[in-house]
2 protein chains.
Amino acid sequence: MFKKVLVADDLLSINQGVVSVLDTLKITDVQEVQYCDDAYLKVKKAAQDNEPIELLITDLSYKKDHRNETYTSGEELVKVLKKEHPELKVIVYSVEDRLQRVRTLMNKHNCNAYVCKGRRGLIELNTAINTVYNNDTYLSPQVAAATSPKTNIEIDDFDIILLKQLSLGLSQEGISQHLQKKNLSPYSLSSIEKKINKLKTQFGANNTIHLVSIAKDLGLI
Amino acid sequence: MFKKVLVADDLLSINQGVVSVLDTLKITDVQEVQYCDDAYLKVKKAAQDNEPIELLITDLSYKKDHRNETYTSGEELVKVLKKEHPELKVIVYSVEDRLQRVRTLMNKHNCNAYVCKGRRGLIELNTAINTVYNNDTYLSPQVAAATSPKTNIEIDDFDIILLKQLSLGLSQEGISQHLQKKNLSPYSLSSIEKKINKLKTQFGANNTIHLVSIAKDLGLI
DNA sequence: TAGTTAATTACGGCTTTCCGTAAAACGAAA
DNA sequence: TTTCGTTTTACGGAAAGCCGTAATTAACTA
């Protein structure tokens, strides 16, 4: 089993729950932090000292406060850590259950597990730790659909811009002008129509309102 | 200070944090539940036995599981309890920070305090308990704007239905038929147009997409 | 009951969006 | 350069939505 584990979560009270789970797993070397930057530094330091942290359990959302931090979200933290320390196992433990977020974390950032906070959260966390230790990945049941192929939709940055502008109340004509002003192409009304139409098909939306609504639910915008 | 307090939250680990705060306030008679229904029954029972619970601290969102519950959200719980036991003090303790939700709870359901979970959550909870004990209301700073007059918008259940149906992708014609089928009035296309138009004015939305987007951001739907 | 007011519904002209088709522009490879 | 395929743009008819006006119905009051 893991020997050295780092727990990052800005709610100290939840931290305690996680630590109790680690306790039942006989993991004694457990460190806790409340800020992303602290987590980053701890991992770096441990690696440098040749006593690397084996597992990171982190939340996604950290409330901002007075501190001026480099990394302000769990996602950023995971992204950079997994890049610089691919051998570090990462379990995300969050209330967030939007599939798109989960998908990005698992597929793009190579997280090892995603556990939803909830009534069964700590139980699932227990399972996740064991599964990850055996070099497998784990997902809470309610987000298990996140990595299934059919959710695998190609959405690029341009699409996100379109959806965002729509959600801000711009007409298609208005979006066209907005894009032109920003030197983004394509910007013709016709192209915008076509792209929106494609998105509607991809998401199975009945109309543009529905499309934007879905995009918001997925956490795309 | 309060003597008898009930804590309801489906994350047992957070419960522990709340309990520790109560502990520092020398409140010894603290009960804990993880389901809304249990909270309801406890309050009823205590009132019947003439040993009423003085303060309820509750979360808003309870993950659903196998149990078939009458009350599935903190909001429902608060609504019914405040109606049947106006003398019961209620503090909502939740990660939710959407103003509309807070506003409804404070103004409509007469909550006594709203504290956002977060880094300073337990500190603010402490303040809230003291403030409520002195018959005043308390709001976490980030939601303090919730009860300011300018946020005071009149939205009724019918409006919510309209917004919901729009977000689900129905056309105005489709909504008309939906309402007619459900024997809800008014259901004419003309009335629906008019109501949507009014909502757009109220929320300062440029078009219907914008309106639904705003409604989602506010947590109305 | 009649009169007044508000809510609901109906309608028509106008704009925006929708959707299919097709032309023009662009980029890569022969 | 020519060719082929893709992307972007253009256009036009149909549908949906927008908006002002007006008729009808409901609700309330004197």
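Source: prediction; values computed, not measured. Just so it is clear: chains get the letters A, B, ... in the order the sequence lines come, proteins before strands, and each one is counted from 1.
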Quiz item: For B/Ser188, which of B/Ser191, B/Ser185, B/Ser190 qualifies under side-chain hydrogen bond (donor to acceptor under 3.5 Å, both in side chains)?
Solution: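 Between B/Ser188 and the candidates, side-chain hydrogen bond (donor to acceptor under 3.5 Å, both in side chains) is satisfied uniquely by B/Ser191.
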Practice problem: Within residues 189-198 of chain A, find the residues that approach DNA chain C with a heavy atom at under 4.0 Å, and present them sorted by residue number. | Solution: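 A/Glu193, A/Lys194, A/Asn197, in order of number.
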Integer-rounded Å distance: [N] [atom2] and [X] [atom1]:
X        : N      : atom1 : atom2 : answer
A/Gln172 : D/dT9  : CD    : P     : 14 Å
A/Lys200 : D/dA16 : NZ    : C1'   : 11 Å
B/Asn206 : D/dC18 : CG    : P     : 12 Å
A/Ile209 : D/dA15 : CD1   : C1'   : 14 Å

Quiz prompt | Ionic contact status for A/Asp9 with A/Lys117, cut-off 4.0 Å | solution = yes
Quiz item: Would A/Asp159 and A/Lys198 pass as an ion pair if we require N to O under 4.0 Å?
Solution: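 No.
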Self-check item: Terminal contacting nucleotides, 5' and 3', DNA chain C versus chain A (heavy atom, 4.0 Å)
Solution: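 That gives a stretch of C/dT17 to C/dA22.
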Quiz prompt | Sugar-phosphate, base or nothing in reach of B/Ser185, heavy atoms under 4.0 Å | solution = nothing
Quiz item: A/Lys45: what forms a salt bridge (Lys or Arg N to Asp or Glu O under 4.0 Å) with it, not counting sequence neighbours?
Solution: A/Asp49
Quiz prompt | Test salt bridge (Lys or Arg N to Asp or Glu O under 4.0 Å) applied to B/Lys44 - qualifying residues, sequence neighbours left out | solution = B/Glu84
Quiz item: When the ring centroid of A/Tyr133 is compared with that of A/Phe2, is the distance short of 6.0 Å?
Solution: yes
Quiz item: Mind checking whether B/Tyr138 and B/Tyr114 have ring centres under 6.0 Å apart?
Solution: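 Centroid distance B/Tyr138-B/Tyr114: not below 6.0 Å, so no.
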Practice problem: Applying side chain to side chain contact (heavy atoms under 4.5 Å, CB included), name anything that partners B/Ala205, two or more places apart in sequence or on another chain. | Solution: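 Expected list: B/Lys200, B/His210, B/Leu211, B/Ile214.
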Self-check item: Bend angle of the helix from C/dT1-D/dA30 to C/dA30-D/dT1, end axes from five pairs each (to 10°)
Solution: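 Comparing the first five pairs with the last five, the axes sit 20° apart.
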Exercise. Could you say whether B/Asn207 or B/Tyr187 is positioned toward the 5' end of DNA chain C, judged by the nucleotide with the nearest heavy atom to each?
Key: B/Tyr187
Practice problem: Run through A/Ile175, A/Val212, A/Ile192, A/Leu179 and flag the one making a side-chain contact (heavy atoms from CB on, under 4.5 Å) with A/Gln165. | Solution: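 That would be A/Ile175.
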Exercise. Walk me through it: do B/Asn126 and B/Asn130 pass the test side chain to side chain donor-acceptor pair (under 3.5 Å)?
Key: CA-CA 7 Å; B/Asn126 195 320; B/Asn130 280 299; 3.2 Å; yes
Quiz item: Any side-chain heavy-atom pair from A/Leu55 and A/Leu6 closer than 4.5 angstrom?
Solution: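 The answer is no; the side chains never approach within 4.5 Å.
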